[in-house]
Amino acid sequence: MPPRRALCFAVLLAATACMRPALQPVPTDRPIIIAHRGASGHRPEHTVAAYTLAVEMGADFIEPDLVSTKDGVLVARHENEIGGTTDVASKFPERRTRKVVDGDTMTGWFTEDFTLAELRMLRARERLSFRSHAYDGQFPIPTFDEVLALADSLGRARGRVVGVYPETKHPSYHRAIGLPLEPALLASLRARGLDRRDAPVYIQSFEDGNLRALRGQTRVRLVYLVSERALTPARLRDIATFADGVGVNQRLVVAPDSAAVPSRVIRDAHDAGLKVHVWTLRSEPVFLAARYGGDPVAEVREMVRLGVDGIFGDFPDVVARGLDLAPTRR
Ligand code: G3P
Ligand code: CA
């Protein structure tokens with residue numbers, strides 16, 4: 001771009017930014033509410049409806065899990081096999097196939113075998129039998145770019161920042177089949193000016209390999225997901241060399257039986273300079289530990305009391321209640 005035109009463009013951008021009202025930042029004086037796959041306890045996961053409801057319920061961040069299409073577009077699905085969360089079986093019965101993904105042999109329908117145009121034909125369905133199926137068949141699969149745009153518009157409509165907390169799903173597998181997730185992820189963030197340290201974004205992964213590589217490519221905050229029991233102080237110090245936080249299974253924070261005492265993982269992680277975001281709080285009896293006596297808000301309150309910095313929940317309304325958020329904040 002010629003220098004004069006570049007200068008005009010920069011001035012125009014700055015003027016546009018000045019005209020926009022400042023948004024209330026994501027709070028730092030309480031744990032953040034991370035809407036796990038959107039408000040997935042209420043709507044089919046990873047849909048615009050689920051993300052929108054989550055923000056209406058007070059979520060600070062919406063969480064898209066990311067996989068790739070055949071043509072390299074990032075879409076929001078919990079796994080690349082989509083037989084359980086879409087109507088793909090009825091629309092593309094002939095595409096059913098068998099694959100080995102991260103060592104697991106799976107039979108079904110895989111996003112990497114479909115172009116985005118084909119995936120656009122599908123509609124989401126609820127994966128769990130005991131949750132509402134009233135919304136099955138209504139909502140398409142969103143792309144990551146659409147999730148970013150949605151978070152931006154939902155936040156502006158409410159005068160507050162709504163963050164995005166993407167997870168790279170099966171990153172080594174995607175790289176091995178020639179559809180690496182990370183370049184597309186970073187390109188999308190850069191296109192929206194979100195590749196910066198103070199962006200309302202966390203990138204998460206269960207693999208440390210891609211996080212270590214990402215550490216050299218972006219300043220966005222990174223979170224390493226762990227369900228392992230051996231989270232020693234030394235291990236946490238190593239994680240702190242490439243990540244800004246750990247996403248830990250709540251059973252590592254406090255054991256499920258009522259006699260259990262909280263683990264040291266939060267204190268040790270904080271000592272290593274890491275944030276602690278706990279996953280995944282869910283309200284139904286099949287998920288909720290007996291120690292909470294059937295009250296999911298009690299679980300939220302316990303996590304807050306123990307000092308977590310963020311909470312992934314399928315029910316952002318329940319997490320907001322546990323944090324005593326004023327309805328006006330939502
Ligand atoms: O991303 C945090 C937590 O959601 C990890 O579990 O399997 O629901 O993505 P998963
Ligand atoms: Ca996730």
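All ligand and atom numbering here is 1-based and tracks the order in the structure.
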Closest protein heavy atom (residue, atom, distance) for [atom]:
{"atom": "atom 9 (O) of ligand 1", "result": "K169 NZ, 2.7 Å"}
{"atom": "atom 4 (O) of ligand 1", "result": "H36 NE2, 2.6 Å"}
{"atom": "atom 10 (P) of ligand 1", "result": "H78 NE2, 3.2 Å"}

A quick test of your reading: do over 12 heavy atoms of other residues, nucleotides or ligands sit less than 6.0 Å from CZ of F242?
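Atom CZ in F242 is crowded, with more than 12 foreign heavy atoms closer than 6.0 Å.
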Please check if the number of heavy atoms outside R98 that lie under 6.0 Å from its CZ is greater than 12.
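For R98, atom CZ is not crowded (no more than 12 foreign heavy atoms under 6.0 Å).
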Specify whether F312 and H36 have parallel, tilted or perpendicular ring planes, treating 30° as the upper limit for parallel and 60° as the lower limit for perpendicular.
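F312 and H36: perpendicular rings.
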Which is the closest N/O/S atom of [X] when seen from the Ca ion (ligand 2)?
{"X": "E167", "answer": "OE1"}
{"X": "E63", "answer": "OE2"}
{"X": "D65", "answer": "OD1"}

Close-contact set for ligand 1 against [X] heavy atoms, below 4.0 Å:
{"X": "F312", "answer": "1 (O), 2 (C)"}
{"X": "D65", "answer": "9 (O)"}
{"X": "Q204", "answer": "1 (O), 2 (C)"}
{"X": "R37", "answer": "7 (O), 8 (O), 10 (P)"}

Give me the one residue out of Y224, Y173, W279 that meets ring-ring contact (aromatic ring centres under 6.0 Å, His included) with F206.
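The passing option is W279.
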For S40, run the side chain to side chain contact (heavy atoms under 4.5 Å, CB included) check against R282, R131, H46 and tell me which one passes.
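It is R131, the one option of R282, R131, H46 that forms the side chain to side chain contact (heavy atoms under 4.5 Å, CB included) with S40.
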Answer yes or no on whether R123 is positioned over the face of F139, meaning its NZ or CZ is under 6.0 Å from the six-membered ring centre and within 45° of the axis.
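No, R123 does not sit over the ring of F139.
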So, the side chain of T111 versus the backbone of S68: is there a donor-acceptor pair under 3.5 Å, distance only?
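Indeed, once roles are kept as given, a pair shorter than 3.5 Å links the two residues.
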Does ligand 1 have an atom that lies less than 4.0 angstrom from a heavy atom of F206?
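Yes, that is the case, since the closest heavy atom of the residue is under 4.0 Å from the ligand.
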In terms of hydrophobic clustering (I, L, V, M, F, W, Y; side-chain heavy atoms under 4.5 Å; direct or indirect links), are V300 and V254 co-clustered?
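Result: yes, single cluster for both.
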